[in-house]
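Structure record follows, encoded as structure tokens.
Note that this is a predicted model, so its numbers are computed, not measured. As the structure lists them, so they are numbered: ligands from 1, and atoms in each ligand from 1. Worth knowing before you read on, the calculation uses all heavy atoms, side chains too, and leaves out hydrogens, waters and symmetry mates.
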Amino acid sequence: MLRMVRLTLTEDVEAVVLIVRTVHLSQRPAQTSQCRQTDSDFIPLNEERLQRFQKALGFESVSRDSGDSNTDEIFKFGEFIIASFPHIHRHSPLVTWERVNNLSLLYHIQGNDPSLKPYLLMAHIDVVPVTNLDQWDAPPFSGEVKDGFIYGRGTIDDKNNVMGILEATEFMLSSNIKPKRSFYISFGHDEETRGNAGASQVANLLRQKGVKEVEFIVDEGMTVLEGIIDGVAGPVASVGVTEKGIVLLNLSVELPPGHSSMPPRETAIGILARAVLRLEENPHPSMLGAGVETDMFESLVPKMSYLQRVVISNIWLFRYPLSWLLSRKPSTNAVIRTVTAVTIFNSGVKFNMIPPLAEAKVNHRVHPSQTIQEVVDYDRAVINDPRVKIEVVYSMEPHPVAGHGESDFGYQVLRTSVRQIWPEAVVVPAIMVGNTDTFNFLNFSTNVYRFSPTHMFPGDPERFHGINERMSVKNYEQVINFFYHLIRNADQAGLSPVHSAHPDL
Ligand SMILES: CCCCCCCCCCCCCCCC(=O)N[C@@H](Cc1ccccc1)C(=O)O
Ligand SMILES: [Zn+2]
Ligand SMILES: [Zn+2]
């Protein structure tokens with residue numbers, strides 16, 4: 001059934017949101033994680049659940065490079081998951097699950113209404129290696145709680161989502177709640193290396209099983225941001241409705257070697273250094289006004305001052321000053337343009353030899369309003385030196401844009417679930433600035449949403465793959481409850497899914 005529900009924002013604006021709610025949702029007010037501990041619609045973070053998360057963080061399930069990972073630890077983490085959630089793995093007749101390629105996991109939870117198209121929840125069980133060990137406030141594989149924060153590699157990327165999805169599903173099954181809509185869960189084991197042994201094999205298996213389409217997909221991604229977008233107060237739940245493309249370039253300069261006592265005017269190192277400097281000094285142009293980032297800023301209007309609203313409502317007019325403002329921070333700069341990172345630079349054999357070869361790796365994350373070819377052409381023009389060879393090592397075009405309107409079912413399920421956990425949040429469509437293994441599943445749905453229920457404040461984005469990765473105890477409870485609400489909300493069949501066709505598919 002369709003109902004109009006009024007959700008009040010903390011500031012001066014009220015958003016009237018058209019959403020579908022059945023009795024399950026409409027009988028009670030929006031909840032936060034502080035609501036009644038006895039409520040069957042709320043999963044409290046008791047000692048047992050907290051300890052399970054801490055134990056999960058103890059596995060050093062590290063992926064370093066393609067084919068180079070701690071497979072023993074990844075396997076043990078899988079064993080731990082299987083042993084820790086008895087309803088999912090043993091008791092419930094609704095669940096079938098299997099290991100895929102020994103280390104990844106695939107689940108199917110049978111709903112009782114076969115007319116509803118299933119959906120897919122994704123996360124990954126591997127983590128990136130730890131660096132700067134001496135600067136961590138708690139050991140990275142300890143799961144130690146300090147001042148209300150759980151510390152550890154994987155607390156925000158991506159064991160929070162793995163364990164949150166499992167806790168929510170286990171709670172539902174142990175409470176004897178039967179979902180109406182079937183869903184799949186995929187836990188890949190090589191996301192961090194863009195490998196083809198994990199999610200890629202899960203996708204193949206799903207295809208072999210005859211699954212052609214799912215209603216929507218939710219994978220890790222953008223987060224709940226607070227104090228991170230300048231001038232916007234309160235939490236902003238940014239949902240990645242598209243994903244930047246990626247291109248890895250190898251730049252190389254080859255020149256004859258020789259004795260350093262009789263050097264040529266320029267060396268391979270000098271030529272290559274100038275090329276990468278030119279790339280850094282000539283960033284790709286701001287695409288503000290060309291795509292999803294415009295929808296994002298427009299959706300932020302309810303959280304803005306009068307002056308900001310005037311600017312955002314006239315992006316075409318304020319494009320240049322706004323781009324300048326957003327470019328000042330790496331996190332907002334990433335939203336408006338293709339970014340350039342020179343990540344590897346190698347050269348030199350011996351101190352008194354003219355180097356025969358200099359090589360650099362340049363990693364671009366490509367704005368959805370550009371193509372890989374445009375990016376490479378731009379670089380070639382900026383470098384403007386035929387001695388610098390430019391090769392594409394790997395590339396993936398930006399992803400299609402998922403529906404994010406009032407009638408897009410998956411988006412509305414996410415939006416409703418976010419607002420139940422963060423009633424004061426504004427939910428905005430966004431560009432996912434990193435990449436994940438989601439790309440393996442693009443053929444299954446146009447409705448792919450990249451969102452992690454991680455509440456981030458200034459300084460937190462740097463914890464992704466960084467030092468002192470952590471999540472507050474309160475936030476982990478919100479993670480579990482977000483997924484629980486999402487699973488329950490996906491059962492609401494009243495809103496017939498209407499998809500905005502995307503020309504890219
Ligand atoms: C508006 C302000 C925006 C603030 C942004 C703050 C939140 C940022 C969230 C970023 C999430 C990035 C996580 C990406 C996961 C990851 O590390 N992937 C890796 C590995 C990979 C590469 C290519 C293909 C697949 C996998 C990567 O992106 O390099
Ligand atoms: Zn991740
Ligand atoms: Zn990662």
For this session: Could you check H108 against W97 for ring-ring contact (aromatic ring centres under 6.0 Å, His included), going step by step and ending with a plain yes or no?
Result: CA-CA 6 Å; H108 178 247; W97 65 272; over 10 Å; no
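The local environment of CG in D147 is sparse, with at most 12 non-hydrogen atoms from other residues, nucleotides or ligands closer than 6.0 Å.
The aromatic rings of Y449 and Y411 are tilted relative to each other, their planes meeting at an angle between 30° and 60°. A perpendicular orientation is assigned to the rings of F149 and Y151, their planes being inclined by more than 60° (bins at 30° and 60°). In this pair, F441 and F444 present their aromatic rings tilted. The plane angle is within the 30 to 60° band.
Counting protein heavy atoms only, atom 11 (C) of ligand 1 is closest to F464 CZ, 3.7 Å. The protein heavy-atom contact nearest to atom 25 (C) of ligand 1 is T436 O, 3.2 Å.
You'll find the side chain of H404 reaches within 4.5 Å of the side chain of D295, heavy atoms only. Contact of the F141 side chain with the V130 side chain is registered, since non-hydrogen atoms from C-beta on lie closer than 4.5 Å.
Between R365 and ligand 1, an N or O atom pair is found at a separation short of 3.5 Å. By the 3.5 Å distance cut-off applied to N or O atoms, S331 is not counted among the residues near ligand 1. At under 3.5 Å, a nitrogen or oxygen of E191, whether backbone or side chain, sits near a nitrogen or oxygen of ligand 1.
Ionic pairing of R52 and E167 is present here: one or more N-O contacts between side-chain nitrogen and carboxylate oxygen are shorter than 4.0 angstrom. A salt bridge links E73 with K76; the closest basic N to acidic carboxylate O contact falls under 4.0 Å. Salt bridge R49/E170: absent, no basic N to carboxylate O contact under 4.0 Å. A salt bridge does not link K303 to E424: none of the charged side-chain nitrogens sits closer than 4.0 Å to a carboxylate oxygen.
Atoms of ligand 1 lying under 4.0 Å from at least one heavy atom of V335, given by number and element, are 1 (C). Set against the non-hydrogen atoms of M296, the atoms of ligand 1 under 4.0 Å away are 1 (C).
When M456, M432, K244, R194 are ranked by how near their heavy atoms come to atom 12 (C) of ligand 1, first place goes to M432. Of the listed options H465, R450, M222, M222 places a heavy atom closest to atom 5 (C) of ligand 1. When the heavy-atom distances from atom 2 (C) of ligand 1 to T223, D190, I336, L225 are ranked, the shortest goes to L225. Among D158, N435, I156, the residue whose heavy atom lies closest to atom 21 (C) of ligand 1 is N435.
By the criterion of a separation under 2.8 Å, the protein N/O/S atoms near the Zn ion (ligand 3) amount to D157 OD2, E192 OE1, E192 OE2, H465 NE2.
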